[in-house]
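Along the sequence shown, residues are numbered consecutively beginning with 1.
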Amino acid sequence: MSGRKFVQIFASLSANLGQMGVGHCVPLSSYLLTQLVPGGGDLVLTEEEGSWFASMFVVGSLTGSLVGGYQCDFLGRRWSMVVDCVSMALGLLTISLAPSTTFLLLGRFLTGHCSGSNLVSTPIFVSEISHPDLRGTTSMLTMACYTFGFFASMLSGAILPWRVATGVFMVTPLLSAFLLIFLHESPTWLLRKGRKDQARDALYFYRGDEDTVKLELRRCQENIDSQQSSAGMPLLTGMPLLTRCKLLWRRSLSPEFLKPFLFLNLILNFGLEWAGFPVLAFYMHSILKQMKIPLNEYWVAVALAGYRSFLTVGLSFVMYKARRRPVYLLSGSLIVVATSCLAAYNWLAPTMEDSLREATSYLPLLAVVLMYTGFGLGYGPIVFMLQGELLPADMRSFGSGLLGILDNISLFVAVKMSPRIISSLGVGGAFMMFSFFCLSNLVIVFFIMPETKGLSLEDIEDYYKNKKKVEVEVEEK
């Protein structure tokens, strides 16, 4: 019995408005730099300054991921998100009113930092307030809101001056911060901090049923006690720093943390970042131009962002009916097919006759659409859904922060190396490499990915402890 479904969905949406703000921030450089050229306005960036503006977001995301885990554990999930959203709005305001390059870079760094930190706390908060029957839907909102924010940013950048567009985007994170103030904190975090009465009130706010509250609180408390006794991890407050580090290191080597952490690294830092999506996000216009698609590259990029957004949003309302494993494997298979087709076309196109090349000129675009279809179907959203589900409660903040750091390093390497890979191997060779990475990821996932639909967070922890075999009957609705 999930109870108070509307409250859980509303709370998850309020939290994920911060991720919509992240979606606004990511593509700023793609259209802002085209307007900061001689004759384009009062502020002009050189090529070197433009590259710094684009990469400063990733640098900020690295620091945000590093700080986010500790911030999320110290302030709580809810207040951590409030701080991130207010700071993100401040960063956008700094960019919008920037009188010089220094302020542009400062605002870009601040938005990146808040984005990295927010991506740590949001999936954790959503997973901890959501009933297992509803968690599939609420967890999908993270990627749905991000992709919609990305599309809104691309569209606004096409029709509005960059200063106006950036200023308007402040509304989204500020709205998220405002709504979060009226919600309750994560019951799991409150229980871990020893605030049992507040945890009971918070869980009742999200469930609305006393019997369900008692059952979930008892199960959560038993799980916390089990973690502390089996791993020697009492609450670390007040302990010397060296002692805390030793206990944290011991806990990080335990199977219930190490196994899901390594698995999440596989599907996030290898399976997702090296499947071709960062290349499309950062170099979409130049790649479309090389493919010689007979349409305006700029508006094709906007249309593709819109397609990915609406597909992800639409699927979020039916995702709760689907099992994670088969959906992830199916969506990944679509991406393998799409990247292989892109590689094959770019290899064969130079040998085609002009009439045949003209007749097949839309095939690369269809392949990119198929890639985004696989992404929206589950290859992207399920990754972030599992991030909030698989890590044990006492290490969830630390693990998510560390995942964010490694993810941003992987993203930075992928983005920086892509132009050199394309110049060395060509577009065809680059996408064949992405196809190989994606296929390798799917082969490994087939053997190690657990099915989490219908399981409580405590059941998932038990699965990795090998404490008991957890099985769930998934009803077809």
Would you say the side-chain atoms of [X] and [Y] include a donor-acceptor pair closer than 3.5 Å?
X	Y	answer
T142	Q19	no
E273	S410	no
H113	S87	no

Does [atom1] belonging to [X] count more than 12 external heavy atoms closer than 6.0 Å?
X	atom1	result
F270	CZ	yes
F436	CZ	no
Y307	OH	yes
M417	CE	no

Decide yes or no for [X] and [Y]: does some side-chain heavy atom of the first lie under 4.5 Å from some side-chain heavy atom of the second?
X	Y	value
F57	F109	no
S14	M81	no
L43	R163	yes

cation_pi(R325, F446) dist<6.0 Å, angle<=45: yes

Out of curiosity, [X] [atom1] to [Y] [atom2], how far, rounded to the nearest 0.5 Å?
X	Y	atom1	atom2	answer
Q8	Y206	CD	OH	9.0 Å
R308	F151	CZ	CZ	12.0 Å
F398	L391	CZ	CG	10.5 Å
M154	L304	CE	CG	9.0 Å
R4	I9	CZ	CD1	13.0 Å

Grab the two heavy atoms, one from [X] and one from [Y], that are nearest each other, plus how far apart they are.
X	Y	answer
S176	C85	OG-SG, 3.6 Å
M88	G21	SD-C, 3.7 Å
L377	V327	O-CG1, 3.4 Å

Which class fits the ring pair [X] and [Y]: parallel under 30°, tilted 30 to 60°, perpendicular over 60°?
X	Y	value
Y146	F150	tilted
F257	F261	parallel
F277	Y379	tilted

Pair E128-S186, side chain to side chain donor-acceptor pair (under 3.5 Å): steps then yes or no: CA-CA 6 Å; E128 290 181 346; S186 157; 2.5 Å; yes

Trace of the side chain to side chain contact (heavy atoms under 4.5 Å, CB included) decision for F431 with N346: CA-CA 9 Å; F431 277 92; N346 281 277; 5.6 Å; no

